Amino acid sequence: EEPPAEHAVPQAGDPSLVLLRRVGAVDPASLDDYRAAGGYAALREAVRLGPAGVIREVLEAGLVGRGGAAFPTGRKWDATARQPDHPHYLVCNADESEPGTFKDRVVMEGDPYALVEAMTIAGYATGCRKGYLYIRGEYPRAIRRMTHAIAVARSRGLLGDDVMGQGFAFDIEIRRGAGAYICGEETAIFNSIEGYRGEPRTKPPFPVEKGLFGKPTVVNNVETLVNVLPILTGGAAAYAATGTAGSTGTKLFCVSGTVARPGVYEVPFGATLRELLALAGGATGTLRAVLLGGAAGGFVRPDELDVPLTFEGTRAAGTVLGSGVVLVLDDSVDLARILLRIAEFFRDESCGQCVPCRVGTVRQEEALHRLRRRPSDGDLALLREVGRAMRDASICGLGQTAWNAVESAIDRLGVFSPSEAS
Ligand code: NAI
Ligand code: SF4
């Protein structure tokens, strides 16, 4: 088993942090520690505001999803709360499987009660009595610590039929993933929880209307949920004062690769990639490129390090922020090998349900193998054609994004161009 969360947080214990403030500073097993460090003030505030008031705060704060897609959280909550069909369900997506993403593990291992409290608030606001916490099976320590925190919260009346004696019911059940990347896709999670193969469903209908067991369902990422705590304790306006108009608050970044101090870093949205890399001690050799957004993301060149780390800023720079992957690659790294590894990953993890992705990911990998041996215009053209077909015709995000990193490396870094090959 890997070392515990606090080892992955070089800033651990820094009181100026918002989301990582307690990681490494409190005993993750102790509810008393959590309360002494401000825990459960947000739930008390939520009850004072009432469900509609909580949703209003989350909307005004401008919180957007941290799983990668940046959909406005308040809109999701509002849409679910309004559904007349009952019961409503909450699903916390803790299947964190994007290569290079490990921030949710750090939150669950280092501050598990924060997620319990945040899920309780989400359930209260959207009318859910039941929340599922879907954690990837490869996170045994996170599963243990979350299981313990849920049991303690229940024994102290912070979960159950009458939460905090306030007359509403909410409880959490943990479900473990079993190693499939596709089970992080929100509708594949529903299938997995319902006992079926983990295959995505077509959207729409969106989960807010028809989700788990066909009922209105809110699906939120771990990091998204814990942001609700500072929104309620400090107020929406104070929260929105950090970051930019389009990306409010702070963001957890997973810095890995050929970098001096890898780990999870928390910085306000709008900090530049150059500033984040400086915090992490910089690249170990001469910087060649940085992959943002993970396997489904895009590359940034060394001359582009002033890109602001916001959803809108990275989009304008031709890449994506995604779930916060910052994979640093110095000139010792074989880029073609990295692309091939990404292609192998998608081929392996495709659920096989639809043809463009099932066949396209295989063709993409084959073409990359050939290109590594001998660059050819024919194979580059084939890659583009297959990539377009996957993007346009795949059912879910896996197939739609499986060509992103390869396209970015060819167009932005010149990989497989004659000069790169020589
Ligand atoms: P999406 O854009 O289809 O949806 C984002 C969220 O907004 C979903 O919850 C969806 O139900 C909701 N939504 C969208 N339109 C809506 C509407 N009109 N009404 C109500 N709800 C609506 O994106 P998707 O496929 O859910 O996620 C893709 C992202 O996931 C990518 O950005 C990728 O970076 C990220 N990802 C993250 C991973 C991780 O480990 N954190 C793993 C794999 C992908
Ligand atoms: Fe499955 Fe790929 Fe189709 Fe998604 S795009 S449903 S992973 S085959």
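Along the sequence shown, residues are numbered consecutively beginning with 1. Model, not experiment: these values are computed from the prediction.
In this structure, a donor-acceptor pair under 3.5 Å is present between the side chains of T101 and S323. For the 3.5 Å distance criterion, the side chains of E266 and T250 qualify, holding a donor opposite an acceptor. Side chain to side chain, E312 and T244 meet the donor-acceptor criterion of an N or O pair below 3.5 Å. Side chains of R201 and N191: a donor-acceptor N/O pair is present below 3.5 angstrom, by distance only. Under 3.5 Å, the side chains of Y34 and E117 contain a donor-acceptor pair of N or O atoms. One side chain, D104 or N221, offers a donor N or O that lies under 3.5 Å from an acceptor on the other.
With hydrogens and angles disregarded, no donor-acceptor distance shorter than 3.5 Å links the side chain of T242 to the backbone of P268. Side-chain atoms of N227 come within 3.5 Å of backbone atoms of E223 as a donor-acceptor pair (strictly under, hydrogens ignored). When atom types are taken as modelled, the side chain of K76 and the backbone of V219 share a donor-acceptor pair closer than 3.5 angstrom. One N or O on the side chain of T120 and one on the backbone of V116 form a donor-acceptor pair closer than 3.5 Å. Using a distance-only test at 3.5 Å, with no hydrogens or angles considered, a donor-acceptor pair links the side chain of T310 to the main chain of G313. Checked by atom type and distance alone, the side chain of E185 pairs as donor or acceptor with a backbone atom of A188 at under 3.5 Å. T217 contributes a side-chain N or O that, together with a main-chain N or O of L212, makes up a donor-acceptor pair within less than 3.5 Å.
Summarising the geometry, atom CD1 belonging to I182 is positioned 4.5 Å from atom CG belonging to L398; distances are rounded to the nearest 0.5 Å. Atom CG of L309 sits about 10.0 Å away from atom OG of S247, to the nearest 0.5 Å. Going from atom CZ of R373 over to atom CG of D379 covers 9.5 Å, rounded to the nearest 0.5 Å. Interatomic distance, OG1 of T126 versus CD of Q83, reported as 11.5 Å (0.5 Å rounding). For the atom pair OH of Y113 and CG of L31, the computed distance is 5.0 Å after rounding to the nearest 0.5 Å. The distance from the CD atom of E199 to the CD atom of Q353 is 4.5 Å, given to the nearest 0.5 Å.
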Could you go step by step and tell me if D27 and R22 meet the salt bridge (charged side-chain N to carboxylate O under 4.0 Å, His left out) rule?
-> CA-CA 9 Å; D27 173 2; R22 283 180 290 260; over 6 Å; no
Show your reasoning for whether side-chain contact (heavy atoms from CB on, under 4.5 Å) applies to V307 and T272.
-> CA-CA 5 Å; V307 58; T272 64; over 6 Å; no
Begin from the C-alpha positions of E365 and F346 and carry the test side-chain contact (heavy atoms from CB on, under 4.5 Å) through to its verdict.
-> CA-CA 9 Å; E365 185 189 348; F346 281 124; over 6 Å; no
R144 vs E109, salt bridge (charged side-chain N to carboxylate O under 4.0 Å, His left out): CA-CA, chis, key distance, verdict | CA-CA 9 Å; R144 273 200 314 275; E109 290 186 8; over 6 Å; no
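Take Y181 and apply the ring-ring contact (aromatic ring centres under 6.0 Å, His included) test, not counting sequence neighbours, and it matches F345. Applying the salt bridge (charged side-chain N to carboxylate O under 4.0 Å, His left out) rule to E57 yields no partners; only residues at least two apart in sequence or on another chain are considered. Remark: H86 pairs with H88 by the side-chain contact (heavy atoms from CB on, under 4.5 Å) rule, at least two apart or across chains. Residues satisfying the salt bridge (charged side-chain N to carboxylate O under 4.0 Å, His left out) test with R129, not counting sequence neighbours, are none. Scanning for ring-ring contact (aromatic ring centres under 6.0 Å, His included) contacts around F213 gives Y89, with sequence neighbours left out. Every residue meeting the salt bridge (charged side-chain N to carboxylate O under 4.0 Å, His left out) condition with K215, not counting sequence neighbours, appears here in chain and number order: D85. In this view, R175 and E173 satisfy the side chain to side chain donor-acceptor pair (under 3.5 Å) rule, not counting sequence neighbours. R315 meets the salt bridge (charged side-chain N to carboxylate O under 4.0 Å, His left out) test with no other residue; sequence neighbours excluded. Checked against side-chain contact (heavy atoms from CB on, under 4.5 Å), S192 has the following partners two or more places apart in sequence or in another chain: Y134, C183.
A salt bridge is absent between R21 and D111: the closest approach of a Lys/Arg side-chain nitrogen to an acidic carboxylate oxygen does not fall below 4.0 angstrom. Checked for salt-bridge contact, R136 and E98 miss the test: no charged N lies under 4.0 Å from a carboxylate O. A salt bridge between R288 and D330 is absent, with no side-chain N of the basic residue lying under 4.0 Å from a carboxylate O of the acidic one. Salt bridge annotation for R388-E385: absent, with no cationic side-chain nitrogen under 4.0 angstrom from a carboxylate oxygen.
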For residues 290-301, please give each side-chain donor-acceptor pair under 3.5 Å, one per line with the distance, not counting sequence neighbours.
{"residue": "R301", "atom": "NE", "partner": "D303", "partner atom": "OD1", "Å": "3.0"}
{"residue": "R301", "atom": "NH1", "partner": "R412", "partner atom": "O", "Å": "3.3"}
{"residue": "R301", "atom": "NH2", "partner": "E304", "partner atom": "OE2", "Å": "3.2"}

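Two residues are said to be in side-chain contact when any heavy atoms from C-beta on lie closer than 4.5 Å; L335 and L339 fail this criterion. Put simply, the side chain of L329 reaches to within 4.5 Å of the side chain of I338, judged on heavy atoms.
When all heavy atoms of R66 and K103 are compared, the closest pair comes out as O-NZ, 3.4 Å. Residues G281 and A260 come closest through the heavy atom pair O-CB, 3.5 Å. Closest non-hydrogen pair, L232 versus A42, comes out as CD1-O, 3.6 Å. When all heavy atoms are compared, the tightest approach of P99 to V325 is O-CG2, 3.6 Å. Heavy-atom minimum distance, G270 versus P308: O-CB, 4.0 Å.
Among pairs with a residue in residues 255-291, those fulfilling ring-ring contact (aromatic ring centres under 6.0 Å, His included) read F269-F311, at least two apart in sequence or across chains. The ring-ring contact (aromatic ring centres under 6.0 Å, His included) analysis of residues 314-338, with sequence neighbours excluded, yields no pairs.
A cation-pi contact, defined as under 6.0 Å to the ring centre and within 45° of the axis, is absent between K210 and F206.
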